[in-house]
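Numbering of ligands and ligand atoms starts at 1, following listing order. What you see is a predicted model; the values in this text were computed from it and never measured.
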Amino acid sequence: MRVLVVGGGGREHALVWALRKSARVTEVVCAPGNAGIAGSVAVDVGDVEAICGLAEGMDLVVIGPEVPLAAGVVDALEARGVRVFGPRRAAAMLETSKGFAKDFMGRWGIATAGYRVCESAAAVEAAVAAFGPRVVVKADGLAAGKGVVLCESREEALAAGVAMLGAYESVVVEEMLDGPEISYFAVCDGVTAVGLAAAQDHKRIGEGDTGSNTGGMGAYSMDGLVSAEMEVWMTGVAQRVVDGMRAEGTPFSGVLFTGFMMTAAGPKVLEFNTRFGDPETEAIVLRLETELVEILEAAVSGRLEGFAVRLKAGAGVCVVAASGGYPGGYRTGFEVRGLDTVGGGVEVFHAGTGWREGTVVTAGGRVLGVSAVGKDLGEALGLVYGALAGISFEGMVYRRDIGWRALGVG
Ligand code: AMP
Ligand code: GLY
């Protein structure tokens, strides 16, 4: 079986690694991939025609990031008869339009923060009066994680709203929720949602969850992160999404990644993403007992009813090593040293890496996702931090407190 994975980050390296575990998978090509992924071929992930070209002769295509989903790559591939894992453009709107997602949750009774979609400064002002003064202002489109501003005052909210209305047609203003966040992943085939795993991301650059928001500085997934009852309930939310999308004529297939805020009044949905999370995927694939290719094939063929994903007991963890300065400006092209010192039980998934004269060099903000599984979180963290001690590049930064909430320190 030949598989094409679209994307070039740590998530895609992890997906390629997991696909190659299967004896049935004879070849994996990754586009554009990176220096850590054998079989990488250059492509612009927003170039639908180029991706369709690479998909010729492939038995399965797996889409990693949101950009090609928003560009309609799944629709284009399906029109050519290619088997593809990921949602069509209309279903990816659960991620690409926050306004759509919020209205959808309203129509299907899914608990979320109170909100208004605003198209003018006056509307933002009215929304702040209704929910504020603490509100969250969100750009209504893909903004690579940078379109969300947490505002503590009316003035901050108005300034954020006006700035975003300059670049986007509308903004969503919503009530601020408090509590720990959980990411829940479910695999969907248009009719059925099957739970994959719960995970916790660490979005801030600084230890103790301080500083700027990033794409994610580390994640873990472990037994007991949420109770078995809560997992069933969270899968139920995913099933409600699948039922609603089907009823509305835009069936959802692919991974539904629901961000929950565990508030005092119960879990509420913060957002949907219509793809695997990064770096959650790097932590989750290491825990899979069921082969990834079996899961993806069941979804693509509409065979998820009665399907169950088996995970290894214990914990999986990923800690991201990033370029100094990220998520702001940073320099690239620094040699990555010590990759050959990494021992067994640890996988180093590459994200922003490239080659220069046979040497692996930094090429992005998030450079590596160092990942391991253990019988518990402490063991997995020990393996990862042990490996990180031997890896270096100029300006390398990583958080030393991944999993701190679960471990009850800090
Ligand atoms: P989103 O892209 O909508 O998930 O927002 C990014 C991050 O902003 C979330 O992971 C939360 O940390 C935070 N956030 C979003 N919406 C809210 C909210 N209503 N209340 C508190 N924090 C939020
Ligand atoms: N880790 C968050 C995301 O993939 O959006």
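- Residue contact check for ligand 1: Met261 places a non-hydrogen atom closer than 4.0 Å to it.
- Partner of Thr274 under the side-chain contact (heavy atoms from CB on, under 4.5 Å) criterion, out of Glu95, Arg88, Met93: Glu95 alone.
- Contact annotation: the side chain of Pro32 never approaches that of Val41 to less than 4.5 Å [non-hydrogen atoms, C-beta and beyond].
- When all heavy atoms of Met217 and Ile402 are compared, the closest pair comes out as O-CD1, 3.9 Å.
- Judged by the 6.0 Å and 45° rule, Arg107 forms a cation-pi pair with Phe100.
- With ligand atoms numbered from 1 in the order given, ligand 2 contributes 1 (N), 2 (C) to contacts under 4.0 Å with heavy atoms of Gly215.
- Counting heavy atoms closer than 4.0 Å to ligand 1, residue Leu150 contributes side-chain atoms (C-beta onward) but none from N, CA, C or O.
- Ligand 1 places these atoms under 4.0 Å from at least one heavy atom of Lys98: 1 (P), 2 (O), 3 (O).
- In this structure, Gly277 is part of the shell of residues with a heavy atom less than 4.0 angstrom from ligand 2.
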* Asked: Going through the checks in order, is the side-chain contact (heavy atoms from CB on, under 4.5 Å) test met by Tyr115 and Lys98?
  -> CA-CA 10 Å; Tyr115 72 102; Lys98 293 202 187 281; over 6 Å; no
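- Taking Glu231 as the reference, Tyr184 meet the side-chain hydrogen bond (donor to acceptor under 3.5 Å, both in side chains) condition, with sequence neighbours excluded.
- Cation-pi contact between Arg331 and Phe334: absent, since separation from the ring centre below 6.0 Å together with deviation from the ring axis within 45° is not met.
- What sits closest to atom 5 (O) of ligand 2 on the protein, heavy atoms only, is Arg275 NH2, 2.8 Å.
- Listed by atom number, the atoms of ligand 2 under 4.0 Å from Glu280 heavy atoms are 1 (N), 2 (C).
- Less than 4.0 angstrom separates some heavy atom of Lys203 from each of these atoms of ligand 1: 10 (O).
- Within the 4.0 Å heavy-atom criterion, the part of Lys138 lying near ligand 1 is the side chain and not the backbone.
- Polar contact check, Asp278 against ligand 2: a nitrogen or oxygen pair lies under 3.5 Å apart.
- In terms of N/O distances under 3.5 Å, ligand 2 is not approached by Arg11.
- Asp278 places a side-chain heavy atom less than 4.5 Å from the side chain of Arg366.
- Heavy atoms of Leu177 found under 4.0 angstrom from ligand 1 belong to the backbone as well as the side chain.
- In this comparison of Glu174, Lys102, Arg134, the heavy atom closest to atom 19 (N) of ligand 1 sits on Glu174.
- Residue-ligand proximity, Glu181 to ligand 1, at heavy-atom distances under 4.0 Å covers atoms 9 (C), 10 (O), 11 (C), 12 (O).
- Looking only at protein heavy atoms, the nearest one to atom 2 (C) of ligand 2 is Asp201 OD2, 3.4 Å.
- Qualifying ring pair (Phe, Tyr, Trp, His ring centres under 6.0 Å) partners for Phe257, counting only residues two or more places apart in sequence or in other chains: Phe185.
- By the 3.5 Å distance cut-off applied to N or O atoms, Asn213 is not counted among the residues near ligand 1.
- Not one N or O on the side chain of His13 forms a donor-acceptor pair closer than 3.5 Å with the backbone of Ala351.
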